[in-house]
Amino acid sequence: MEQMVSELTRRVLTGSCPSVEEAMAILGAGGADLTLFLAGAHRIRERAFGNRIELCSIINAKSGRCAENCAFCAQSAHHRTAAPTYPLKTRDEIVQGALQAQAEGSHCYGIVTSGTRVREGEEFERILAAIREIRATTTIEPSASLGLLDEQTARALSDAGCVTYHHNLETARSFFPHICTTHDYEEDVHTVRLAKAAGMKVCCGGIFGLGESLEQRVELAFTLRELGVDSVPLNFLNPIAGTPLEGKKDLTPLDCLRIIALFRYLLPERRISVCGGREPNLRDFQSWIFMAGASGTMVGNYLTTSGRDRETDLQMFRDAEVEVHAC
Ligand code: SF4
């Protein structure tokens, strides 16, 4: 095994793509074999990023009442959850969030709204105005996550200075119908392509522990590689009461590390950030995410759940001997 992992790592470092069988071997590794893959993923990350990591933060700018039925999501109107519902925040609130995220060392600030797509008119204009102001008054990179895009919306975001568009595929194409039936996977793929075509970077990943198979985790990684996404947020299910996935606990901390390593081997030079579900799924292994190949993490609160306190995360970065890349 040692020789196989070292040969695979060498090939990835020289530009080759792992085979499906090799990718599956990462997800199936245990014991000392797993640590070989983690060391390989760590080496690949260091080649691309040194010991620098990037932090991102989000604002849940509009919460709840979403017409989509994503099974994991607290904000779907199809589920009865305790998630807050409120209309779009003011421009000032969104900009204030960016200033705070910058002061706390985040590199990227995501403006996230619930819903299938952004409502045209005053609502969209408010988001564009906030993005322009963030670009004019901060150095943080604004990102938007407003659901499905059309060409005109993508162009307007790009023109306003939105650096990155965030839109997760959530899971593998072959598993998506088990998770969402109110829109088609291809609409999500199309949105990713439109955002890229409009000149924005694309942040696109998924959520794990939904009931997908190991093969489907590999399938998602290959899809994201083919799409050429710029950064990949990895989320781990934090099952919310009132959603169809309430009580589901498929992932162990080492499963999360296997997933991070898989994505690092498949997307060796892309930003890979550990986002929602870090605390409940990785538990004592949170500091291992960088040694498994992650180049960043989300700090602060998530969309509908709380993150842990900032000082604890800062201590973890110091302990892991990674350097936060300020914007
Ligand atoms: S994940 Fe997004 S699209 Fe799906 S229900 Fe939640 S807010 Fe709506």
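Note: hydrogens, waters and symmetry copies are ignored here, and every other heavy atom, side chains too, is used. Each ligand, and each atom within it, is numbered from 1 in the order the structure gives.
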Verdict with supporting geometry, His190 and Arg193, side chain to side chain donor-acceptor pair (under 3.5 Å): CA-CA 5 Å; His190 186 57; Arg193 294 207 168 105; over 6 Å; no
May I ask you to check whether Asn69 and Thr181 show a side-chain donor-acceptor distance below 3.5 Å? yes
Under 2.8 Å from atom 4 (Fe) of ligand 1, which protein N, O or S atoms are there? Could you list them by chain and number? Cys70 SG
So do the side chains of Asn168 and Asn235 get within less than 4.5 Å of each other, counting heavy atoms only? yes
Residues 205-214 vs salt bridge (Lys or Arg N to Asp or Glu O under 4.0 Å), sequence neighbours excluded, gives Glu212-Arg217
Quick test of your reading: applying side chain to side chain donor-acceptor pair (under 3.5 Å), list the pairs with at least one residue in residues 219-228, sequence neighbours left out, ordered by first then second residue. Ser174-Glu219
For Ile207, the rest of its hydrophobic cluster, which grows through side-chain links under 4.5 angstrom: Phe72, Phe175, Ile179, Leu210, Leu237, Leu245
For atom 3 (S) of ligand 1, decide whether some protein heavy-atom distance is shorter than 4.0 Å. yes
